[in-house]
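Note that this is a predicted model, so its numbers are computed, not measured. Lettering follows sequence order; numbering is per chain, from 1.
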Amino acid sequence: MSEMSELEKLQRMCRVVREDILRMIAAAGSGHPGGSLSAVEILVGLYFSRLRHRPAEPDWAERDRFILSKGHIAPALYAVMAHAGYFPREELLTLRKLGSRLQGHPAKGRPPGIEVSTGSLGQGLSIGVGLAVAAKLCGYPWRTYVLMGDGEIQEGQIWEAAMSAGHYRLDNLCGIVDRNYMQIDGSTEDVMMLDPCADKWRAFNWHVIEIDGHDIAQVVAAYDEAASVKNKPTVIVARTIKGKGVPFMENKAAWHGKAPNAQELELALSQLY
Amino acid sequence: MQTSTGKREWRLCRDGFGDAIIELGKTDRRVVMLGADLSESTRALWFKEKYPERFFSFGIAEQNMLCAAAGMALAGLIPFVSSYGVFLSGRAWDQIRTTICYSNLNVKMAGAHGGISVGPDGATHQALEDCAVMRVVPNMTLVVPCDYHETRKATLAVAKMYGPAYVRYGREKVPVVTNEDTPFELGKALVMRQGGDITFIANGYMVSQALDAAEILAGEGIEARVINMHTLKPLDREAIIRAAKETGRIVTAEEHQLAGGLGAAVAEVVVQTYPVPMRMIGMPDSFGESGTPEELLTKYGMTAEKIVTAARSLLNKNGETATV
């Protein structure tokens with residue numbers, strides 16, 4: 001019973017976060033709605049359930065580390081962080097504006113809780129490898145999570161990082177691939193084929209969990225399974241829908257990096273499910 | 001400070017780096033070392049032999065290594081990353097710019113095999129653009145030490161400061177022109193020879209050549225000031241402005257492309273503060289090739305003799321300023 005209500009709370013949070021993402025990007029006049037909407041359950045399941053963190057004490061030494069390697073979905077991260085209590089929700093509408101802490105792509109410490117600057121794709125998993133190696137060396141208990149886009153894993157550096165994480169048996173590292181099958185130029189499989197995606201990670205000595213990335217129960221269960229795996233890093237390949245929740249944006253590459261105008265925002269909010 | 005050319009000892013800058021990281025490993029447990037399959041050549045192996053648990057091999061994968069170092073720095077460690085300059089500054093430039101410098105992370109980079117004196121390996125391995133591409137990135141500290149002692153001191157110094165730092169040095173033995181007690185302060189140029197007629201501003205191996213050039217000119221009654229500009233960023237602007245005002249002529253000398261390196265950095269200061277005639281010695285917009293270090297330095301004009309020629313072009317017989 002209490003488990004049900006916990007999941008319901010997370011689902012409700014996902015809806016509110018989606019509304020905020022749409023409003024922020026519309027107010028900014030630019031940004032990336034498609035990939036932000038596809039990663040909502042992944043982020044909410046982490047920040048509101050499994051991530052060990054203290055929003056009021058962002059540099060708490062024992063916090064789990066989260067790296068947003070697909071930095072262009074900063075609006076989703078900002079919305080989740082605001083609801084978690086890192087900064088006031090009103091600040092969300094300053095996204096991408098001069099003087100705002102909410103940069104177009106995440107900038108370290110702006111606001112506190114952003115661990116490192118990201119935005120040039122392919123670099124976050126390596127940062128996660130460094131954090132996880134350091135935690136093992138120093139005996140730190142915290143875990144490191146890295147969220148990647150699926151188009152992003154076309155970057156060669158991702159596989160350098162994957163190889164090194166397998167080599168160092170980083171069971172304190174959890175990667176998540178937002179597998180929405182879309183990127184700017186179209187389908188990932190047309191732009192540069194990624195399947196069999198899970199097999200690639202297995203070949204690099206990772207434990208792979210494949211889930212429906214919009215089923216919050218599966219998301220949370222995957223984080224638990226990842227934490228229980230020993231001697232291997234884990235990657236969660238989360239099957240998602242780009243633009244999830246807004247019918248006219250779903251599976252449309254055109255909404256990768258385009259802001260809705262006022263009418264489109266109204267329509268999107270009215271149709272949001 | 002002035003040493004007669006024939007009696008100089010020649011030593012590897014790489015050994016200065018190696019000795020420094022061993023010292024650092026002993027005194028600071030936060031210091032870790034990362035290598036990309038060149039650990040013997042870069043002397044990272046010396047660290048590994050003493051502190052194996054704090055050495056991390058990353059294979060032939062520089063981009064991952066640089067960002068992993070960034071992650072280690074985020075966790076409070078002081079990672080030293082070593083590789084050849086071409087791979088460090090070139091292959092991983094975006095990683096250095098966006099992950100390390102934009103986030104202002106405490107990653108220390110050691111770029112070995114800088115300059116044409118890499119020799120027979122040829123153009124692919126001769127880092128001649130590394131200073132230019134490292135110098136333009138905000139938050140970076142860039143040091144080009146001139147010999148064994150200065151490389152050791154520079155390595156120790158960058159470990160003490162907070163923030164990204166890159167130490168650049170060559171492959172071959174170079175003349176030892178400083179000693180254990182020579183002062184070294186990041187961002188503060190070292191005047192190695194006093195003189196009021198002209199100033200030579202050099203870094204790396206070319207410091208020894210500037211000193212030799214000054215000796216040659218001294219025989220003709222011309223007193224050249226020699227400034228060792230070991231820190232390319234932040235640049236010691238005051239030393240440059242003082243040299244421009246007091247000597248009226250400047251020759252820069254570096255083992256690097258003329259574009260974007262020490263000469264360019266000095267010129268940026270000179271033209272905006274106290275314009276004086278300048279000449280620049282360095283690689284003339286060309287790739288290198290295979291050959292012995294001596295052959296290559298001579299062919300591409302990075303020698304004491306070329307500094308003398310450049311100086312003469314700035315000085316007429318009466319020691320007056322030539323027209324630019």
Side-chain angles (χ1 to χ4, degrees), chain A residues 59 61-69 71 103-110 114-146 155-168 170 172-173 204, chain B residues 25 28-37 48 51-81 83 87 91-109 137-139 162-164:
Chain A
D59 44 12
E62 289 186 25
R63 71 190 182 281
D64 288 339
R65 268 61 168 180
F66 175 74
I67 309 295
L68 184 65
S69 193
Q103 294 291 296
H105 293 77
K108 181 178 190 294
R110 292 191 280 166
I114 302 288
E115 300 283 358
V116 66
S117 304
T118 52
S120 179
L121 293 175
Q123 302 187 23
L125 189 61
S126 304
I127 301 169
V129 166
L131 281 162
V133 166
K136 283 205 174 273
L137 175 69
C138 303
Y140 298 142
W142 39 267
R143 294 177 59 73
T144 297
Y145 297 89
V146 180
E155 289 279 8
Q157 189 185 343
I158 290 289
W159 302 102
E160 294 182 5
M163 203 184 297
S164 62
H167 177 83
Y168 284 110
L170 300 177
N172 53 353
L173 176 65
F204 282 74
Chain B
D28 193 336
R29 287 200 57 79
R30 296 171 302 168
V31 171
V32 295
M33 187 82 218
L34 290 73
D37 202 38
K48 183 186 180 184
Y51 319 104
E53 74 289 352
R54 279 185 280 151
F55 175 85
F56 298 95
S57 166
F58 276 89
I60 308 169
E62 293 80 9
Q63 300 176 356
N64 181 49
M65 176 169 69
L66 267 296
C67 289
M72 293 180 187
L74 283 170
L77 298 176
I78 303 175
F80 273 77
V81 178
S83 186
F87 310 133
R91 187 62 165 261
W93 187 82
D94 181 28
Q95 287 72 16
I96 292 172
R97 173 196 179 265
T98 305
T99 291
I100 294 173
C101 288
Y102 181 35
S103 289
N104 197 24
L105 300 179
N106 201 23
V107 175
K108 314 301 177 187
M109 293 154 269
V137 185
N139 291 335
Y162 181 87

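You'll find the side chain of K108(A) reaches within 4.5 Å of the side chain of L74(B), heavy atoms only.
Ring planes of F56(B) and Y168(A): perpendicular class, angle over 60° (limits at 30 and 60°).
Contacts between L105(B) and chain A at a heavy-atom distance below 4.5 Å involve the side chain alone, from C-beta outward. W159(A) does not touch chain B: none of its heavy atoms, backbone or side chain, sits under 4.5 Å away. Residue A107(A) touches chain B through both its backbone and its side chain, counting heavy-atom pairs closer than 4.5 Å.
Ranked by heavy-atom pairs under 4.5 Å with chain A, the first of V32(B), L66(B), L77(B) is L77(B). Put simply, of V129(A), L137(A), I67(A), the one with the most heavy-atom pairs under 4.5 Å next to chain B is L137(A).
Here the straight-line distance linking atom OG of S117(A) with atom OH of Y102(B) works out to 5.0 Å at 0.5 Å rounding. To the nearest 0.5 Å, atom CD of residue E115(A) and atom OG of residue S103(B) are 10.5 Å apart. Rounding to the nearest 0.5 Å gives a distance of 7.0 Å between OG of S120(A) and CD of Q95(B).
For the residue pair G71(B) and L131(A), the shortest heavy atom distance occurs at O-CD2, 3.4 Å. When all heavy atoms of Q157(A) and C67(B) are compared, the pair lying nearest together is NE2-SG, 3.3 Å. Among all heavy-atom pairs drawn from I127(A) and T99(B), the shortest one is CD1-CG2, 3.6 Å. Closest of all the heavy-atom pairs between Y140(A) and A75(B) is CE1-O, 4.0 Å. In terms of heavy-atom proximity, N64(B) sits nearest to S126(A) at OD1-OG, 2.7 Å.
Counted within 6.0 Å of CZ on R30(B), heavy atoms from surrounding residues, nucleotides or ligands total 12 or fewer; the atom is thus considered open. Residue-environment remark: CZ (R54(B)) exceeds the threshold of 12 foreign heavy atoms within 6.0 Å.
In this structure, a donor-acceptor pair under 3.5 Å is absent between the side chains of Q123(A) and Q63(B).
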